[in-house]
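Below is one structure, written out as structure tokens, with a few remarks after it.
Chain naming here is simple, since letters A, B, ... match the order of the sequence lines and numbering starts at 1 in each. Values below: all heavy atoms of this structure, side chains included; hydrogens, waters and symmetry mates excluded.
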Amino acid sequence: MLNVLKIAVRNLARFGRRTLLTSSLITLGIVGVLLFVAVSGSFKTIMIGQFTDSMLGHLEVHRKGYVASIDSLPLNLNMQPAMVAKVEQALQGMDTVEAYSERIKLGAMFSNFTETTSIRINGVDPAKEIATTPLLPGRLIGEKRAGALLNPGEILIPELIARGMKVKAGDTVVLVATNRDGSVNGKTFTVAGVLQSVSGPSGKDGYITLEDARSLLRMKEAEVSEIAIRLKNPAQLDAVYAQLSKELGAVAGPGTATATGSGDKPASAGGGGGGLEVHTWADLSPFSSIVRMIDLLAVFIKIMMVSIVLIAVMNVMVMAVYERIREIGTISAIGTPPRRILSLFLTEGLLLGAGGAALGTAISLAAIYALNIWKVTVHFGMGQAILLSPAVSVRDIVTIVAMVVIMALLASLQPAWKASRMDPVRALGHV
Amino acid sequence: MKAAMPLIRAERLVKTYRTGEVEVHAVRGVDFAIESKSFVVFVGPSGSGKTTLLNMIGCLDHPTSGKLTVIDTDVGQLGRRAAANFRGEHIGFVFQDFNLIPVLTVYENIEYPLIMVQDWPEKKRREQVMRLLEAVGMSGQAGKRPDQISGGQKQRVAVARALATNAQLVLADEPTANLDHDTAYRVIELMKKMRDEFGTTFVFSTHDPKIMGAAEVVFTLEDGGISKPSEKALEKAEAVHA
Ligand SMILES: Nc1ncnc2c1ncn2[C@@H]1O[C@H](COP(=O)(O)OP(=O)(O)OP(=O)(O)O)[C@@H](O)[C@H]1O
Ligand SMILES: [Mg+2]
């Protein structure tokens, strides 16, 4: 086998310029793909980070059915305290979870005493919310005041309402909300700050404290609309999602029954939406379709690269076989088994692909390293410039290199097969 | 004493090429026998069927009819793969255009069949190649590529390659056609010397009457038939049957 390799290398070296040209084409393809994967991956990570870190969290837990009718923020689908306790217990047992934050979501009327508009409000524990969505404080417009982001009796209002209603920090406003029994209640708040809008769900919501939300809604129990969860490592999303879904699935049984207080019939416990459900940020955000587009684009670029490899290698190998017909006739005449001839040309194609792939990987890694040193920034939405930190995983590299090598093999298969099947007399007579 | 089975025996051997409507009778029912360790030439003008005959003996081509036995094997019946095995096992080839592998050195060209056709262990390979390099007088050029040596030298290397696997039979179709007369003569002499040294049967072809003089058995081909065995062939045949 070593000798097949040696002959293949020498033949490639013999037509050095052609070999160089072809392998640089493959190199170019690999560089294109790896750079795209690295940069788009970084871009994706940043965009996803914007959603997960400024409003959604990585995962959210709701009562079953809540998300389906999330537009109306249904108060009757809030989680009961016992359910919340179960979720918290599950989360505290998972070391993949960095933080979580309970929220009460409600729709209210917002009044500056002269005008009224509707507003969506999140009632949160500010410390837990910041731990779960660390970019939230960064969305504050204007000077940061000293002390807590949000105190009881205060409200953070979205930019759009601040502008439309001409309200600024320090002003007093009124929120009026209808609770689940239909009774109306009002409460005054001091504007603690104005939040920059971000695109996506909850990107234009106001924030008050959890206690204020409960008193505004006159809740008797410590209900919660959703629990947002932040992971230590976003890459573990799928695993944590699966684990949490499993654990909370168990809660949905007898646990739910106790929670809703209808103890004797666990199966139908809680009536409509008795159980809990877990959603990833992607389930909750329209941005996931953009992510899918980026992924699709990557697939497309990979297909292009694969085609380049296929055509380039096939072209060279067809030529290599054609040029060496007499040589093939010779080695076939003296008794070289067809499979050896096959492997001779396959090895040549393989080396061509592998060489180009190795060089391409090296160049890509260098380029990615350079991009990280030069600090390329992008502007996303209205936010400040965000530093791209492109990176490729070993898995990406291995997959792409494997793809190229397999394609190079496939591309040489037909010419190599033809060479191995050649009739020696006719091949020897070839001029 | 009865003579042993000849190395090659042809009986009413026929090869007809058919291209569309046209039939070319390249070999028209020839009979001959070639003894082991003999030094045989087929002579004849262009188109007389020399290449066709050698290709059939070398299992590169099938006879149309008749019987051809080479080293106790009915080679007319061999399939593609069996023929390739048979060639690799028993037959060495020397070509008119030398046909050395351009990317391999002289040494590696001789070594080639020991790696790619048969699987010789490294040490045995080296011994065999060194011995052959010595025998064909190319020891000093072992590291050179084919394009760095002369035509005569290339053909010496080709002879060494043909002998590498200890083949019993070496076939050479016009091995001297691309060489000047002196060089040609020396290559033929080398082949004869190899026959003496290794006991290999050499069968070659030429249309050069001066070269044929070096052969011990001469078959003259004319339009696909063997016209008459030469003097030497008769002498040899008598000697064998005596
Ligand atoms: N593949 C083929 N198809 C058709 N006819 C062929 C084929 N090969 C050889 N012939 C014909 O068979 C006859 C014998 O050819 P062959 O090549 O055996 O002659 P040769 O004695 O080797 O000639 P030369 O000295 O020119 O090499 C010629 O008439 C030739 O045209
Ligand atoms: Mg000929």
Side-chain angles (χ1 to χ4, degrees), chain A residues 1-19 316-317 319-349 351-352 416-431, chain B residues 15 17 26 51-52 54-56 58-62 79-105 108-120 122 125 145-147 158 161-165 167 170-174:
Chain A
M1 214 44 215
L2 185 77
N3 299 281
V4 169
L5 203 67
K6 189 167 79 182
I7 295 172
V9 168
R10 297 236 189 116
N11 273 313
L12 286 174
R14 182 174 168 211
F15 301 97
R17 193 181 301 184
R18 187 174 74 196
T19 303
V316 166
M317 292 317 295
M319 263 165 69
V321 168
Y322 185 79
E323 283 163 349
R324 304 221 296 273
I325 289 183
R326 284 173 58 86
E327 190 181 317
I328 295 163
T330 306
I331 61 175
S332 169
I334 68 176
T336 309
R339 73 192 141 77
R340 283 255 162 92
I341 300 176
L342 186 82
S343 70
L344 207 59
F345 283 92
L346 281 187
T347 308
E348 237 176 277
L351 282 176
L352 207 58
W417 177 258
K418 202 178 139 207
S420 74
R421 298 273 112 185
M422 231 168 243
D423 172 45
V425 172
R426 230 185 279 162
L428 281 167
H430 186 87
V431 272
Chain B
K15 179 71 184 183
Y17 291 110
T51 299
T52 305
L54 284 183
N55 282 349
M56 287 191 287
C59 305
L60 293 168
D61 210 347
H62 287 288
R80 231 178 74 89
R81 186 168 307 168
N85 285 341
F86 186 81
R87 292 196 302 268
E89 189 75 21
H90 300 291
I91 307 178
F93 288 88
V94 175
F95 304 92
Q96 178 177 335
D97 305 310
F98 322 124
N99 291 15
L100 298 178
I101 298 169
V103 297
L104 300 183
T105 63
E108 291 163 340
N109 262 287
I110 301 171
E111 194 186 23
Y112 179 93
L114 301 180
I115 297 171
M116 299 292 281
V117 181
Q118 299 184 358
D119 291 302
W120 285 37
E122 162 96 56
R125 266 194 337 247
R145 294 276 170 95
D147 58 5
R161 177 177 68 183
L163 292 167
T165 57
V170 170
L171 298 173
D173 189 15
E174 311 226 22

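Within residues 94-103 of chain B, the residues approaching chain A closer than 4.5 Å by heavy atoms are, in numerical order, B/Phe95, B/Asp97, B/Asn99, B/Ile101, B/Pro102, B/Val103.
Residue B/Tyr112 holds its OH atom at 5.5 Å from CD1 of A/Ile7, rounded to the nearest 0.5 Å. Here the CZ-CZ distance, from B/Arg145 to A/Arg14, works out to 9.5 Å after rounding to the nearest 0.5 Å. To the nearest 0.5 Å, atom CD1 of residue A/Ile334 and atom CG of residue B/Leu171 are 13.0 Å apart. With rounding to the nearest 0.5 Å, the separation of CG in B/Asp61 from CZ in A/Arg426 is 10.0 Å.
For A/Pro337 against B/Val117, the heavy-atom pair with the smallest separation is CD-CA, 4.4 Å. In terms of heavy-atom proximity, A/Arg10 sits nearest to B/Thr105 at NH1-N, 4.3 Å. In this structure, A/Thr330 and B/Arg161 approach most closely via the heavy-atom pair CG2-NH2, 3.7 Å.
For A/Trp417, the CH2 atom sits in a loose shell: 12 or fewer heavy atoms of surrounding residues, nucleotides or ligands are nearer than 6.0 Å.
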Could you walk me through whether B/Ile115 and A/Lys6 pass the side chain to side chain contact (heavy atoms under 4.5 Å, CB included) test, one step at a time? CA-CA 12 Å; B/Ile115 297 171; A/Lys6 189 167 79 182; 5.9 Å; no
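No donor-acceptor pair closer than 3.5 Å links the side chain of B/Arg80 to the backbone N or O of A/Asp423.
Looking at heavy atoms from C-beta onward, B/Arg87 lies in side-chain contact with A/Ser332 at the 4.5 angstrom threshold. A heavy-atom distance below 4.5 Å is found between the side chains of A/Val4 and B/Met116.
Chosen from A/Glu327, A/Arg324, A/Arg421, the residue pairing most often with chain B at heavy-atom distances under 4.5 Å is A/Arg421.
Only the side chain of A/Leu344 comes within contact range of chain B, with heavy atoms under 4.5 Å apart. Heavy atoms closer than 4.5 Å to chain A are found in the side chain of B/Asp119, but not in its backbone.
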